[in-house]
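Everything below concerns the one structure shown next.
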2 protein chains.
Amino acid sequence: MRKRATIYDIAQEAGVSTATVTRVIKQDPRVKAATREKVQRAIDANAYAPSVTAQNLERGSAKVLAVVLPEMSNLYFSRIYNAAYWEADANGYSLRLFQTRENQPISREMVSELIRCRIDGVLFAGNIWSSDRRDLNDALERLKNYMPVAAICPPGVDLDCIRIHSDLVSCVRLPVRHLHTLGHRHIAFIGGSMQTKDASKRKYNFLEQLRLLDLPDDPAYHIEAGYDMEGGERATMRLLSSLERGRWPSAMVTFNDLIALGAMKALKKMGLHLPDDMAVIGCDNQFFCPYTDPPLTSIDLHPEEMAQSAVRELLLAQESSSQSFSMIRDATLIVRESCGAALGYRKME
Amino acid sequence: MRKRATIYDIAQEAGVSTATVTRVIKQDPRVKAATREKVQRAIDANAYAPSVTAQNLERGSAKVLAVVLPEMSNLYFSRIYNAAYWEADANGYSLRLFQTRENQPISREMVSELIRCRIDGVLFAGNIWSSDRRDLNDALERLKNYMPVAAICPPGVDLDCIRIHSDLVSCVRLPVRHLHTLGHRHIAFIGGSMQTKDASKRKYNFLEQLRLLDLPDDPAYHIEAGYDMEGGERATMRLLSSLERGRWPSAMVTFNDLIALGAMKALKKMGLHLPDDMAVIGCDNQFFCPYTDPPLTSIDLHPEEMAQSAVRELLLAQESSSQSFSMIRDATLIVRESCGAALGYRKME
DNA sequence: GCGATAAATGTTACCGATTACATACTCGAC
DNA sequence: GTCGAGTATGTAATCGGTAACATTTATCGC
């Protein structure tokens, strides 16, 4: 490895002081043209580039934001990461990704690490709201001493930080109303683990919607599921096998597209034809939705925009010191064919 | 924001020198128990944590590796990232992700950034081998002055750095032989852009396999495609519409699972039934493969293991200064139902 | 109780930049 | 020729740690 030239080397070679070298680099106008050239030559000759580390130390900040996410098996999180990355980039910040091991929420060590690294702001997303209330609050309070904290979280999570809420009302209301419009009356909800705030909120909203639309609510129709395809498959099998054929729902709202994918597989295995025998709606509008069979109607929560807002607010909070901000981004229904709507299909009972 | 305590504050509060504070933190055994306690109390009282930036400056390295990837729309890359992340983590390094904007290969600025940040090693993966030879080599040479460089790349890319090759022979040989065993004789290849090394290599290997197995080679059977589902869908439509029905192939090998997904959609749209009318094989063994309809037979290139090896070699190269290493990780065929094999199906012509 | 050795702690230069302040140089006016 | 204003450049403290070396204190043999 080549030894890196320091500012001292350059200063010496150009026969000036380090201050002058800095001035040349910073394009300070009050250096004589002749000097500037001398210095520039030395810089070029040695391919000199100032050490970011040293600059960071001097500046007292590394201009880094952090985002804490569960391992990115789910594309929903890469969308958040990507959006945050470019937004940070556009503001001269870099973004460090901290991953939590599966279902492990923020650990004590991670909090320490964030503080030790002089992170300038941190964004949390994903399944950390389920962790013990006290632990979470402690972690948050500790962090907030040193950096602005933002979270993409379900509404109602009353964390004392910048909060960007996904719209858990519309993300259930939209599919239910859509199905209702199509004539469905027996609608099931395949949710995540009711331990998590997100899932239990959605279930609550789901029941609310049924009531508002005067739809029957069969307790057998809401069922927990792991957050992936296998979870969806199992839950669906459980749902169908627990009921006699006549009492099966005619439509399913799922917690996310992965679960929907698993559900679709289970339904086909049971010999059902989609969307005629069963309508399915996913959530997250993942890239594969147009390519499932039939193409999956889904909900877009706009994770990119949420991440972008979060980063912007983090940067703003650096100066303003006000760390209370809360916004809610509404969801959008993306209609495809898994409910038959696009086919002009209408359920009759 | 709270003012952070420095080592001087702690030293003062505990009535010792900074050296002693460092010793306590580093668990140096030659501090008296009484002193240790005094210091520890001061540390705890101020929630003191040494500044990573200052440590980095002193150490002359930030213990960071970097991985340069195209934006992670493709799960293949998140798998590489994840594996690299944990491997780095296990060795006390952190991992910074640098993303290239779509199809833009490594830019001059990114190289500068990597150098300025005193990155301790960099791993490249993805579609950068297509970029101009000279530019790429220049970038590599520049980087190699300052850090070990590794690349996950197709075999035959004769970059002068640590090379982890995916097995582009088996990743075509396996599916072709599999299809051949099942009785297929008319096999098409839906590849990526022939501009890229990866895709052209595979096509070459594909033709080689046909020859070895004495299978007919119809030029209409190899066709370019964008790297995503839309690309696969379009390419498939093009393939089928360019031939009269009687000359259609009975099986398709695709560049990746996304393309396969698109192809499957196109095939269904044409009224073909899988796997009876057409067998399809993907590549990458992505998470959704078991959940396509029918479940997609695919090739696993083991990106995790490649990333792991790459990180290990990067860390090794730091001392040994030998930067020539090359290994090839073979591929594995994952048989599902999209070729009918699992159903005991056999093609007869 | 003294010197020799070991144990505990302190002093200070250094890592590589930035910047407030000090100094030197230039030029025109008188 | 000298003074002052402005311009160009240099000096040195600073950021927050680390560690080689120096110094002080404790321990032990005789």
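Naming: A, B, ... by sequence-line order, numbering from 1 per chain.
Using a distance-only test at 3.5 Å, with no hydrogens or angles considered, no donor-acceptor pair links the side chain of Lys38(A) to the main chain of Val16(A). Put simply, the side chain of Arg163(B) gets close to the backbone of Cys161(B): a donor and an acceptor are under 3.5 Å apart.
Counting heavy atoms from C-beta outward, Leu97(B) and Tyr81(B) have side chains that approach closer than 4.5 Å. No side-chain heavy atom of Leu123(A) sits less than 4.5 Å from a side-chain heavy atom of Ile164(A). At least one side-chain heavy atom of Ile7(A) sits less than 4.5 Å from a side-chain heavy atom of Thr22(A). By the 4.5 Å heavy-atom criterion applied to side chains, Ile106(B) and Leu136(B) are counted as neighbours. Side-chain contact between Leu65(B) and Leu315(B) is present, with heavy atoms from C-beta onward closer than 4.5 Å.
Proximity of residues 22-37 of chain B to DNA chain D (heavy atom under 4.0 angstrom from any strand atom) is restricted to Thr22(B), Lys26(B). DNA chain D lies under 4.0 Å from at least one heavy atom of each of the following residues of residues 51-63 of chain A: Leu57(A), Glu58(A).
On the nucleic acid side, DNA chain D contacts chain A at distances under 4.0 Å to non-hydrogen atoms, with the end points of that region at dA8(D) to dG17(D). In the 5' to 3' direction, nucleotides of DNA chain C lying under 4.0 Å from heavy atoms of chain B begin and end at dA8(C) to dG16(C).
Counting any heavy atom pair closer than 4.0 Å across all strands shown, Arg4(B) reaches no nucleic acid atom. Using a 4.0 Å heavy-atom criterion, one finds that Val21(A) contacts no nucleic acid atom at all.
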List the atom pairs, donor and acceptor, that lie under 3.5 Å between side-chain atoms in residues 146-154 of chain A and the rest of the protein, sequence neighbours left out.
none

Atom pairs and distances, donor-acceptor, side-chain atoms in residues 54-61 of chain B, under 3.5 Å, two or more places apart:
from	atom 1	to	atom 2	distance (Å)
Asn56(B)	ND2	Val52(B)	O	3.4
Arg59(B)	NH1	Ser61(B)	O	2.6
Ser61(B)	OG	Lys63(B)	N	3.0
Ser61(B)	OG	Asp120(B)	OD1	3.2
Ser61(B)	OG	Asp120(B)	OD2	3.2

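Applying the salt bridge (Lys or Arg N to Asp or Glu O under 4.0 Å) rule to Arg36(A) yields no partners; only residues at least two apart in sequence or on another chain are considered. Looking at residues two or more places apart in sequence or on another chain, you find a side-chain hydrogen bond (donor to acceptor under 3.5 Å, both in side chains) between Arg116(A) and Glu113(A). Annotation: salt bridge (Lys or Arg N to Asp or Glu O under 4.0 Å) contacts of Asp28(B) (sequence neighbours excluded): Arg30(B). Remark: Arg23(B) engages no residue in a salt bridge (Lys or Arg N to Asp or Glu O under 4.0 Å) (not counting sequence neighbours).
Axis orientation changes by 60° from one end of the helix from dG1(C)-dC30(D) to dC30(C)-dG1(D) to the other, with each end axis drawn from 5 pairs and the value rounded to 10°.
Sorted by first and then second residue, the salt bridge (Lys or Arg N to Asp or Glu O under 4.0 Å) pairs with a member in residues 43-55 of chain B form an empty list; sequence neighbours excluded.
For Gln12(A), the CD atom is loosely surrounded, since the number of other residues' heavy atoms within 6.0 Å does not exceed 12.
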